[in-house]
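Okay, so here's the structure we're looking at.
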Amino acid sequence: MPEIKELVKQLADKHGRNRESLLPILQGIITEEQSISDVAMSEVAEELNMSAALVYGTATFYSFLDTEPRGTYVIRICKTITCDMKGKKQMIQTIEDLLKIKVGETTKDNKFTLLETNCLGWCHKGPAMLINSTPYDSLDVNKITEIIMEYIRK
Amino acid sequence: MANTVNLNIDGIDVSVEAGKTVLDAAKELNIHIPTLCYHEDLCVAGNCRVCVVEQEGAKNLVASCAMPAQEGMVIHTNTHKVRNARKHIVELLLSEHNADCTKCYKNKSCELQDLASDMIISENMFLDLVPEKNYTIDNFSPSIIKDDSKCIRCQRCVRTCHDLQHVSALGVAYKGDKMKISTFFENSMFDVVCTNCGQCVIRCPTGALIEKNYIEQVWDAIHDPNVHVVVQTAPATRIALGEEFGMEAGNIVTGKLAASLRRLGFDSVLDTDFSADLTIMEEGTELLTRLKKALVDKDASVKLPMFTSCSPGWVKYIEHMYPDYLDNLSTCKSPQQMFGALVKTYYAEKKKLDPAKIVSVSIMPCTAKKFEAARPEMRGSGYQDVDLGITTRELAVMIKQAGIDFNSLPDEKFDSLMGQSTGAAVIFGATGGVMEAALRTAYELVTGREVPFENLNITAVRGMEGVREASVKIENVLPAWSFLEGVELKTAIAHGLKNAHQIMDAIKAGTANYHFVEVMGCPGGCIGGGGQPIPTTPEIRQKRADAIYREDEGMEIRKSHENPEITQIYKEFLGEPLGHKSHELLHTHYVKRKRV
Amino acid sequence: MKNLKRVDIIFGAYTQEKYKVLGETLKKSSDQIISEVTDSGLKGRGGAGFPTGLKWKYTANEADPIKYVVCNADEGEPGTFKDREILTRVPRKVFSGMAICAKAIGAKKGYLYLRGEYVYMLPDLMAELELFHKCVKENNLDFEIKISMGSGAYICGEESALFESIEGKRGEPRNKPPYPTVSGLFGKPTVINNVETFVNTLMIMRLGADEFKTLGTSDSRGSKLFSVSGDTPVAGIFELELGMSLEDFVEDFGDGDTKAVQVGGASGFCVPRKKFKDTIIGFEGVPTGGSMMLFNSSRSMYNVLKNYVEFFEEESCGQCTPCRVGCQQLKLGIEAVKKGEKSATYLDTLQKLADTMKVSAKCGLGQSVANSFSSIVDNFKEEMIY
Ligand SMILES: Cc1cc2nc3c(=O)[nH]c(=O)nc-3n(C[C@H](O)[C@H](O)[C@H](O)COP(=O)(O)O)c2cc1C
Ligand code: SF4
Ligand code: SF4
Ligand code: SF4
Ligand code: SF4
Ligand code: FES
Ligand code: FES
């Protein structure tokens, strides 16, 4: 808990303490923690001197500002049409088999969370995915396996 | 006039002030356009879309509540396209809605139901989405129930809580099909900053936010032969209850109110006005004591300004938002709670009743009073001082249930012993009223003369301005109060928590310097309370306030200290203001609360 | 490429020296810049196609001393990825276009709103931004650009939602009027343009309005980046003249078996094979922010539609009734018809609902759901039922 307090304070020092700073601060928490807990969020509310319900409402609006606990690596597979046509289902199947989790779940060791997301802007090279903020395109079963294995070894 | 625009609606020309909307212009022509998210007290949202109209030359329909009237506009409010769209929209709302009207608290007083009924929606055009949703009901709060299955997401509550109350206990969460009205992390309303003011409740068009009603419990008590049921009614109920029975806002129904309570079967029909007067005695003395300590003894631990504490919404607000100022709050309990503490002590003694067998009921314009009654601090009598707090609206339901024709009731009086009232007590119901009542008494106490205002009407503290200031110069004081000679007593008044916030920030910043500040949690004071008849608008609140001041002018006694029952209780029971017994029964303390 | 002429303006290396065109342009007056942009006939590349010169002029005419330039890099429309490419390869052109706009309208601050999916580009963009800021200073222009990040919300591409998002709020579109030119970011007069639009304005300064006008048609001046994806052997980004026929496009980009092209992404129109010939890509025909998705005959158009409707159901901001509930009804409705739980005539009810959404939704998202819905249901009705 004290670390999260410290993190929020640092982020507020960096981005400022007005409403405009809210998203950068929440994004900063995501970068460090992958999700925003209620403790973190009430800390943000306090720092910015604003209503906690409004912080919650703002965070939940944005798909990447997760409020549920997430693994260290959040895998987001694009489910929009071109990636869907180019084999998204197979990619999900592959990861599900590799990590023994379903979409929406987190591995027991809290290392990976598997999610779906909307178009990532790599449609010409679908299927595509993000792992945290890094995009991967032109996926196939071999490539995605290799990538995931690499993260497993990390 | 340069600042008007001319437009044409349904073939009729109309000119309106620049800045008005198409909806405003239609109103001028008495053309009714249905609305849901629109509310006179709130900023425009334009999200429900039922108010759409056709504008010639525009490809799409426009939302009349959000569209500024513009020169030369030609508007049609009732075309095929408009009717179709509106009907679709209401059907869509219903498809997301758990429309079991017969089991709904808002049955017959619901804006969605009205619209559906106007449009004669007889079957489901679309699929029922309710089974797809994980709707929850939050009934942990003693004051308010939030039922998401009845919510049409108009955001009136969110705007109320933010724009009027500066609390933002409610916000909008998630997006798309998941979008919902939510507290912080979807905690219960009981566990968040909600002040229980009920302002959202009186603006919610549906049954999604309602008061937690205790109607059945009150009936149970009334019908229980082994208990003695005492009822007290707050000042603001008597000028609003009539609205529930079709009367215009601003009708004074004090006599019918007393009669109806008697017919419902309460054993004793009493008046919170009595304890409002008592509050003035205690709070006035407390103020003078604080002033003395500060001005004469130079005691730095004495906190000024002193804040009034009779509005439980305001009390909870300051506990959450400005906990550093809890010592500035008057320690006086609210009139409801003073009354409650006395019912199970003084009243029980005098009437030779076992306090354990008294059920004390209050009729309040307020939803926060339910929470207040349940506070652990409110057990000065050794029992829960007020057992059941119900709102003006709940009382109206009971009267209807009992088959009483309210409008033809005779005027009756309250019972005695804690049933006597004064004009000063009545005006507690309007913003500025506590201040005026306190000044009437304190000034006289200190100088031996009546306040220097014509007919006792201190008009400077009245009105609907959000924050008002007034000062009274104290001159030619009685010897005991010589330290106040020449002092300019500075006061301020705020109503609605947004305005309270403004005053608090000024005080915090050191830019405001007052001795005494009255704050009422609800816009307009209790007359606009969260338990009052729906709807509420600035016009309705003004009419209710006018009625309050008319009632005051019509009273024989208009100063709290002249209430004979007050003199009696000090003589027989309490001793003196701020005395030992008072401390035990009439004063309280506050707790610091979290801001989430 | 048999039919369509390739153009190379956006990525073309016209100057050796970085920021040369910008430096020269900044010597021009505000009026000169605006009239040149107006002359060029440039229309916005973000989808709506509002004349850029006019937008700048309206904003320049506002008296408020504080104004903003905002670059819309939210690029969330399924099937578009050209703004990412622009920002990767020629970010300085984007910043330059913004600075030219700032000079034209009198703004001192600009924002580039970048979608969260592109956060990986941030380090490179920041490095370029530093050079840019140095350059504007050398040219005595008081202008600074800040990059604001999105966090996964398609609706934030809608201009007023984007402002809300920069302001730290939920990205809920505002009522219009007032329009951004009068009351935009922080309630101040604001020009908001697409990434590509800003690059175009720079190129107009470089080439002159007359040369720019030689490309395209009278309604659709200039060239445009197309993001081509789906069933095509040559997926990627192509700069083409506006005003081409879809038939020519399919001949160049199709796989020989194209049964439909979705023009303009999920919020655009689906054109079936039989209409390729008569369809012009441009503001006079079917407009597009650049997204061209090709489907061959192996694809189920029901799946395509369902994918789109699900996208909107999730990405709607949720504030207004027609869009929030309408999208859910459209999705469940087509599913029910497909499963046989509702008769085929229910599709007509849904079509009418889509029409209501078009005329009554608060913003462009809800209003444009009907585009893909109606064009797919109309043209591929059997696929919806069987
Ligand atoms: C739902 C929705 C999403 C949009 N997304 C984008 C976007 O990602 N990028 C963009 O440039 N414009 C987008 N727009 C259009 C913008 O609202 C706006 O018209 C545009 O940024 C103006 O720039 P332009 O005139 O240069 O095209 C979107 C509009 C809507 C209704
Ligand atoms: S909220 Fe209104 S429409 Fe809904 S069930 Fe209750 S009365 Fe009926
Ligand atoms: S009761 Fe008052 S404080 Fe509580 S949510 Fe409603 S408006 Fe806000
Ligand atoms: S709770 Fe009531 S006021 Fe609030 S959004 Fe729902 S229906 Fe509207
Ligand atoms: S149309 Fe959709 S996205 Fe636009 S305001 Fe309405 S709900 Fe939000
Ligand atoms: S559809 Fe997957 S990246 Fe665009
Ligand atoms: S009343 Fe106008 S949009 Fe709701």
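Predicted model, so just to flag it, every value in this text is computed and none were measured.
Proximity to chain A is limited to the side chain of C:V119, based on heavy atoms less than 4.5 angstrom apart. With a 4.5 angstrom heavy-atom cutoff, C:E315 touches chain A only via side-chain atoms. Of the two parts of C:L294, only the backbone, made up of N, CA, C and O, holds a non-hydrogen atom closer than 4.5 Å to a non-hydrogen atom of chain A. Using a 4.5 Å cut-off between heavy atoms, C:I155 contacts chain A through its side chain alone, with no backbone atom that close. Both the backbone and the side chain of A:K79 have a heavy atom closer than 4.5 Å to some heavy atom of chain C. Looking at C:F186, the atoms closer than 4.5 Å to chain A (heavy atoms on both sides) all sit in the side chain, from C-beta outward. The contact between C:C156 and chain A is made entirely by side chain atoms (from C-beta outward), counting heavy-atom distances below 4.5 Å.
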Worked check of side chain to side chain contact (heavy atoms under 4.5 Å, CB included) between A:W122 and C:E117: CA-CA 10 Å; A:W122 292 90; C:E117 288 82 346; over 6 Å; no
Could you go through C:D231 and A:M85, starting from their C-alpha distance and side-chain angles, then the distance that decides it, and tell me whether this counts as side chain to side chain contact (heavy atoms under 4.5 Å, CB included)? CA-CA 9 Å; C:D231 294 317; A:M85 283 164 34; 3.8 Å; yes
What do the steps show when you test A:Y62 against C:S165 for side chain to side chain donor-acceptor pair (under 3.5 Å), and what is the final call? CA-CA 10 Å; A:Y62 296 92; C:S165 186; 2.8 Å; yes
Would C:E164 and A:R19 count as a salt bridge (Lys or Arg N to Asp or Glu O under 4.0 Å) if you check the C-alpha gap in whole Å, the side-chain angles of each, and the deciding distance to 0.1 Å? CA-CA 11 Å; C:E164 293 285 304; A:R19 184 79 199 238; over 6 Å; no
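Ring planes of C:F81 and A:H124: parallel class, angle under 30° (limits at 30 and 60°).
Annotation for A:F61 and C:A153: closest pair CE2-CB, 3.9 Å, computed over non-hydrogen atoms. When all heavy atoms of A:L65 and C:S151 are compared, the pair lying nearest together is CD2-OG, 3.5 Å.
Annotation: A:K102, atom NZ; neighbour count of heavy atoms from other residues, nucleotides and ligands within 6.0 Å does not exceed 12. Atom NZ of A:K111 has more than 12 neighbouring heavy atoms from other residues, nucleotides or ligands inside a 6.0 Å radius. Heavy-atom neighbours of A:E116 CD from other residues, nucleotides or ligands within 6.0 Å: above the threshold of 12.
The existence of a salt bridge linking A:E20 and C:K146 is confirmed by a sub-4.0 Å separation between a basic side-chain nitrogen and an acidic carboxylate oxygen.
A distance of 10.0 Å separates SG of A:C119 from OH of C:Y154, quoted to the nearest 0.5 Å.
In terms of heavy-atom pairs under 4.5 angstrom with chain C, the leader among A:N132, A:I81, A:I25, A:L48 is A:I81. The greatest number of non-hydrogen atom pairs below 4.5 Å with chain C, out of A:L22, A:T117, A:T58, is found for A:T58. Contact count versus chain C (heavy atoms, under 4.5 Å) is highest, among A:T82, A:L130, A:L54, A:N118, for A:N118. Your options are C:E75, C:M149, C:Q262, and the one with the most heavy-atom pairs under 4.5 Å with chain A is C:M149.
Under the salt bridge (Lys or Arg N to Asp or Glu O under 4.0 Å) criterion, A:E32 pairs with no residue, sequence neighbours left out.
Using a distance-only test at 3.5 Å, with no hydrogens or angles considered, a donor-acceptor pair links the side chain of A:Q27 to the main chain of C:G150.
At a threshold of 4.5 Å between non-hydrogen side-chain atoms, the residues A:C123 and C:M293 do not count as touching.
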